[in-house]
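Throughout, protein chains are lettered first and strands after them, A, B, ... in sequence-line order, and every chain is numbered starting at 1.
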Amino acid sequence: MRNYDLGLTLTSGQTFRWVRQQGAWEGVVGPHWVRLHVALEGIRAETAVPVTNWDWLAAYLQSRVNLEAVLKTFPPDAPLGAAVAACRGLRLLRQDPWECLASFLLSSTKQIVQIQQIIAMLCARYGSPVAVPPGHEPAFAFPCADRLAGCEEAELRACKMGFRARYLRAVAQKVTSGEMDLRRLAVLSMDEARSRLMELPGVGRKIADCVLLFGYGFQQAFPVDVWVMRALGRLYFRGRRVTGRRRERFVATHFGPHAGYAQQYLFHYMRTRGASRPRVAD
DNA sequence: GCCCAGGTGAAGC
DNA sequence: GCTTCACATGGG
């Protein structure tokens with residue numbers, strides 16, 4: 001697969017469970033432990049148990065997406081061009097909606113490293129073990145909603161998630177009870193699906209947009225966190241903050257049909273480039 | 001000690 | 001609509 005930077009994609013803050021081990025990437029996708037190697041001909045995958053149908057992995061990695069075609073839809077502006085040049089081969093994944101929702105519930109005002117730690121602890125304590133190669137350390141699936149719904153808030157807090165524990169527990173209970181049907185969101189319009197997600201406690205616009213983009217593949221979802229806020233302000237609005245209707249209109253019209261991809265490029269560009277530079281006024 | 005992190009909800013204008 | 005604050009926890 002050309003034009004796929006696996007390491008960049010797996011560490012770009014859309015997923016939190018991949019670990020680099022001896023030049024490869026190890027993680028769990030659904031019920032499968034996977035080790036991914038970057039090879040000349042593309043990405044090579046190993047599992048612990050034999051697999052005949054690899055569709056689930058291709059779907060997760062979005063490896064059949066024609067990235068060049070996506071990039072061609074971007075507006076030809078300088079900031080986005082610089083971001084694309086700096087992040088060649090950055091892709092969007094398609095993740096399980098429940099794992100995505102739960103993960104981003106835990107993401108608020110946390111650094112990516114800390115989100116990774118919280119989720120690792122949560123999976124080790126409450127996820128079902130999955131098959132791993134002989135002698136390999138144990139690996140776990142992401143805990144299902146039922147399991148987390150049955151946890152006490154204090155048990156979740158013990159995973160270092162702080163005030164987010166109450167939200168995670170409440171959302172897990174709504175998913176378990178069927179009050180929130182995550183599968184049904186896939187057939188709604190993006191705006192309807194977002195409204196439903198935002199009814200959940202602890203889920204605002206930003207987290208909802210992450211789930212719409214990373215979990216459901218709504219290409220126009222455009223999560224705005226502190227970094228993307230900075231990118232928009234500094235790169236497109238002459239250093240001024242943009243909020244509300246104005247921002248909404250801009251991101252909905254300026255970045256085209258794959259605005260979500262543009263967002264991911266700006267996010268990563270800002271997070272890596274911006275940090276090494278003295279901070280200017282937001 | 002300080003400020004910040006892939007935010008949200010409540011309260012106050 | 002907007003601003004401010006609390007909410008846990010850890011990194012720099």
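Between the A:Gln95 side chain and the A:Gln14 main chain, a donor and an acceptor come within less than 3.5 Å of each other. Without hydrogens or angle criteria, A:Trp98 side chain to A:Pro143 main chain gives a donor-acceptor distance under 3.5 Å.
Comparing C:dA8, C:dC2, B:dC4 against the side chain of A:Thr243 picks out C:dC2 as the nearest.
Nucleic acid contact class of A:Phe214 (heavy atoms, under 4.0 Å, all strands): base. Residue contacts shown for A:Leu266 are absent, as no nucleic acid heavy atom lies under 4.0 Å away. Note on A:Gln116: nothing from the nucleic acid sits closer than 4.0 angstrom, heavy atoms only. Heavy atoms of A:Val224 sit nowhere under 4.0 angstrom from any nucleic acid atom. Nucleic acid contact for A:Thr109: base, since at least one base atom lies under 4.0 Å from a heavy atom of the residue. Counting any heavy atom pair closer than 4.0 Å across all strands shown, A:Gly202 reaches sugar-phosphate atoms only and no base atom. Looking at heavy-atom distances under 4.0 Å, A:Ser12 makes contact with a base.
Atom CG of A:Leu105 and atom C1' of C:dA8 are 15 Å apart (whole Å).
Using a 4.0 Å cut-off between charged side-chain N and carboxylate O, A:Asp191 and A:Arg194 make a salt bridge.
DNA chain B is contacted by no residue of residues 150-159 of chain A, taking any non-hydrogen atom closer than 4.0 Å.
Of the candidates A:Gln264, A:Gln219, A:Lys72, A:Gln219 is the only one forming a side chain to side chain donor-acceptor pair (under 3.5 Å) with A:His258.
The base of B:dG6 sits within donor-acceptor range of the side chain of A:Gln263, with an N or O pair under 3.5 Å. Between the side chain of A:Gln264 and the base of B:dG6 there is at least one donor-acceptor pair of N/O atoms closer than 3.5 Å. Side-chain atoms of A:Lys206 and base atoms of B:dT8 include no donor and acceptor less than 3.5 Å apart.
Rounded to a whole angstrom, the distance from the P atom of B:dC4 to that of C:dA6 is 16 Å.
Between A:Phe255 and A:Phe74, the ring centre distance reaches or exceeds 6.0 Å.
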